[in-house]
Amino acid sequence: KNEVEQSPQNLTAQEGEFITINCSYSVGISALHWLQQHPGGGIVSLFMLSSGKKKHGRLIATINIQEKHSSLHITASHPRDSAVYICAVPPSSGSARQLTFGSGTQLTVLP
Amino acid sequence: KAGVTQTPRYLIKTRGQQVTLSCSPISGHRSVSWYQQTPGQGLQFLFEYFSETQRNKGNFPGRFSGRQFSNSRSEMNVSTLELGDSALYLCASSWGAGGPEEQYFGPGTRLTVT
């Protein structure tokens with residue numbers, strides 16, 4: 001089973017700051033997911049990436065397959081970015097939907 | 001197009017009872033996965049259904065079961081409820097292709113067992 005470690009667990013930032021959330025996993029994977037969960041529980045898929053870098057607005061996700069590490073960056077953070085960010089990986093074999101999740105990073109952005 | 005819907009959104013049950021939760025995927029999606037989220041264990045995979053067949057199951061007791069209908073709608077059932085089953089139950093749908101693909105999550109059903 002893949003072990004997924006996220007850091008930090010909690011992060012408080014001032015509006016406008018650059019944010020980095022890290023995710024490490026133990027077994028080689030085909031892709032990694034970054035998810036966002038707002039209070040109330042709804043989860044939104046932010047990125048799925050298997051190599052390199054992806055960018056969507058102020059969000060950037062990178063992955064280093066050799067290092068088994070991924071980062072999620074938020075540029076010019078805003079209070080509406082306050083949420084829990086979760087990385088998730090599929091198993092090395094079997095269904096890609098059988099995700100293992102990190103414990104999440106609670107991000108609070110203060111105005 | 002309409003997103004993933006889950007019903008009911010909130011549910012309170014008593015220990016020993018059983019419960020059925022429903023998930024309607026995005027139109028055209030054939031894979032439905034179920035996840036349990038608790039403060040202690042975080043998010044955990046329950047099972048995945050594709051074309052009315054259970055494709056994978058996570059490490060949960062047999063009290064947790066599910067099924068999928070021909071229109072891809074899925075239900076999960078928990079029998080003989082325990083206090084520890086109190087959780088947010090999320091379903092997610094996707095096309096069901098063999099490899100990794102983006103999943104679309106529903107709003108979840110919050111189950112409280114008293």
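Below, chain A is the first sequence line, B the second, and so on; all start at residue 1.
For B:Leu43, the parts lying under 4.5 angstrom from a heavy atom of chain A are both the backbone and the side chain. A:Leu35 touches chain B through its side chain: at least one heavy atom from C-beta onward sits under 4.5 Å away, while N, CA, C and O do not. For B:Glu102, the parts lying near chain A are the backbone and the side chain together; criterion is any non-hydrogen pair under 4.5 Å. For B:Phe50, no part lies under 4.5 angstrom from a heavy atom of chain A.
Taking hydrophobic clusters as Ile, Leu, Val, Met, Phe, Trp and Tyr residues chained together by side-chain heavy-atom distances below 4.5 Å, B:Val78 shares a cluster with B:Leu83. Under the 4.5 Å side-chain heavy-atom criterion for ILVMFWY residues, a single connected hydrophobic cluster contains both A:Val89 and A:Phe47.
Checked against B:Arg73 for a side chain to side chain donor-acceptor pair (under 3.5 Å), the options B:Ser24, B:Ser93, B:Ser22 give a single hit: B:Ser22.
Of the residues considered (A:Ser45, A:Ala31, A:Ser103), A:Ser45 shows the highest number of contacts with chain B, using heavy-atom pairs under 4.5 Å. Counting heavy-atom pairs closer than 4.5 Å to chain A, the top residue among B:Gln103, B:Gln44, B:Gln41 is B:Gln103.
Contacts between residues 107-114 of chain B and chain A, counted as heavy-atom pairs separated by less than 4.5 Å, involve B:Pro107, B:Arg110. Proximity to chain A at a heavy-atom threshold of 4.5 Å picks out B:Arg55, B:Asn56, B:Lys57, B:Gly58 from residues 54-62 of chain B, in numerical order.
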Let me see the working for B:Lys13 and B:Asp85 under salt bridge (Lys or Arg N to Asp or Glu O under 4.0 Å), right down to the final yes or no.
CA-CA 10 Å; B:Lys13 289 286 188 179; B:Asp85 297 332; over 6 Å; no
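The residues B:Arg67 and B:Glu52 are annotated as not salt-bridged, no charged nitrogen and carboxylate oxygen being separated by less than 4.0 angstrom.
Residues A:Ile19 and A:Asp81 are not in side-chain contact: their nearest non-hydrogen atoms beyond the backbone lie 4.5 Å or more apart. Side-chain contact between A:Leu107 and A:Ser82: absent, with no pair of heavy atoms (C-beta onward) separated by less than 4.5 Å.
Ring geometry for B:His29 versus B:Tyr104: interplanar angle of 30 to 60°, hence tilted.
Other residues, nucleotides and ligands place more than 12 heavy atoms under 6.0 Å from the CZ atom of B:Arg63.
Remark: A:His69 pairs with no residue by the ring-ring contact (aromatic ring centres under 6.0 Å, His included) rule, at least two apart or across chains.
Applying the side-chain hydrogen bond (donor to acceptor under 3.5 Å, both in side chains) test to pairs two or more places apart or on separate chains, those with a residue in residues 28-41 of chain A are A:Trp34-A:Ser70, A:Gln36-A:His38, A:Gln36-A:Tyr85, A:Gln37-B:Gln37.
A donor-acceptor pair under 3.5 Å is absent between the side-chain atoms of A:Gln98 and the main chain of B:Phe45, judged by distance alone.
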